[in-house]
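As the structure lists them, so they are numbered: ligands from 1, and atoms in each ligand from 1.
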Amino acid sequence: MQESIEQLSLVLGTVKYADGSDEHKFNCPFCEANGHGKDNKWHLYVNPKKEKWICFKCGERGSLDQLLQKLGIEKGAPVINDDEFMKLAKQLEFGIHDEEKLNDVSPSEYPCEVRPVEPGSSAYRYMKYVRGYEYKEFADYKLVYGEFMFSSRIFFPTFDMDGKLCYWVARKIFNDSDKVAKYVNPKAEKLNVFNLNRVKGDHIIICEGVLSAMAAGPEAVAIFGKTATKQQIWLLNSIKFDEYIISLDSDARKEAFSLASEFINRGKKVSLVELPEREDPDSVRKSYKKYLGLRTPITDSELILGGLS
Ligand SMILES: [Zn+2]
């Protein structure tokens with residue numbers, strides 16, 4: 001049963017031993033979703049001998065098996081402690097940055113076994129409670145989560161027009177350590193565009209990141225950054241949309257105009273979604289439709305002015 005505790009501490013962070021008992025204490029990951037404040041006083045008690053757990057703040061409780069299942073931990077899965085994890089992490093040059101590119105992995109296959117993000121996994125709870133999505137809103141994106149060093153990550157897959165996996169971005173689920181990169185992705189040239197294979201309408205919304213694209217809706221795609229590669233621009237231009245809506249983060253105004261020119265030069269209708277300072281489509285998700293409705297068409301002359309300002 002000690003193994004279960006080690007597995008739990010990998011997901012929940014530092015474990016504390018309750019004095020004079022078999023119990024182990026963690027900060028409860030469910031309190032916020034249960035309408036209580038964030039737990040930082042170790043309210044979740046696990047008794048590995050009795051195989052039970054309870055949170056004395058939000059009241060959630062159950063069997064040890066249920067807790068493992070809720071957190072997406074496979075019972076009996078190999079335990080990697082922090083030291084081993086960091087060693088593995090270093091081997092993969094996995095590290096201290098916000099975004100990390102992995103040299104040794106292929107963009108067209110996952111670097112580990114993966115499972116769909118379905119109820120019962122911590123990945124599901126993350127999408128539902130932290131990001132605020134209903135299952136039906138993200139099911140079509142075919143999100144998966146990984147194992148071992150990727151067990152606390154959700155993969156956001158990009159498919160080519162034939163529906164074949166061609167790129168992925170893996171985001172960490174728990175924001176417990178700044179030492180672990182928030183996003184990791186294969187070190188490969190950006191050839192494709194997230195969610196482009198699913199955009200069926202007469203317009204397309206172009207965002208920076210995958211979560212922004214999801215926030216902007218099924219007609220939105222992500223170019224994985226503030227600038228698009230030649231290949232991505234070619235791809236976007238090769239499909240006929242009546243309107244190209246540029247919706248980068250608010251700090252990328254210059255890049256937005258530059259991207260707009262790529263479509264205007266080919267005779268496309270282009271408009272720009274403007275967001276308040278320091279916001280992106282994901283951070284304003286609940287009111288994104290309002291900003292989308294207020295988008296400004298960009299004409300040639302405005303484009304020149306925009307580039308100059
Ligand atoms: Zn709780």
* Asked: Ignoring waters, how many protein N/O/S atoms are under 2.8 Å from the Zn ion (ligand 1)?
  -> 4
* Distance under 6.0 Å and angle within 45° of the ring axis: does Arg285 meet both against Tyr133? -> yes
* Structure fact -> Result for side-chain contact (heavy atoms from CB on, under 4.5 Å) between Cys166 and one of Asp160, Asn197, Val193 points to Asp160
* Asked: Quick one: do Arg131 and Asp282 make a salt bridge, cutoff under 4.0 Å?
  -> yes
* Exercise: do Glu189 and Thr229 side chains pair donor with acceptor under 3.5 Å -> no
* To do: Considering only NZ, NE, NH1 and NH2 on the basic side and carboxylate oxygens on the acidic side, decide whether Arg278 and Asp249 come within less than 4.0 Å.
  => no
* Asked: Any salt bridge between Arg253 and Glu274, counting N to O under 4.0 Å?
  -> yes
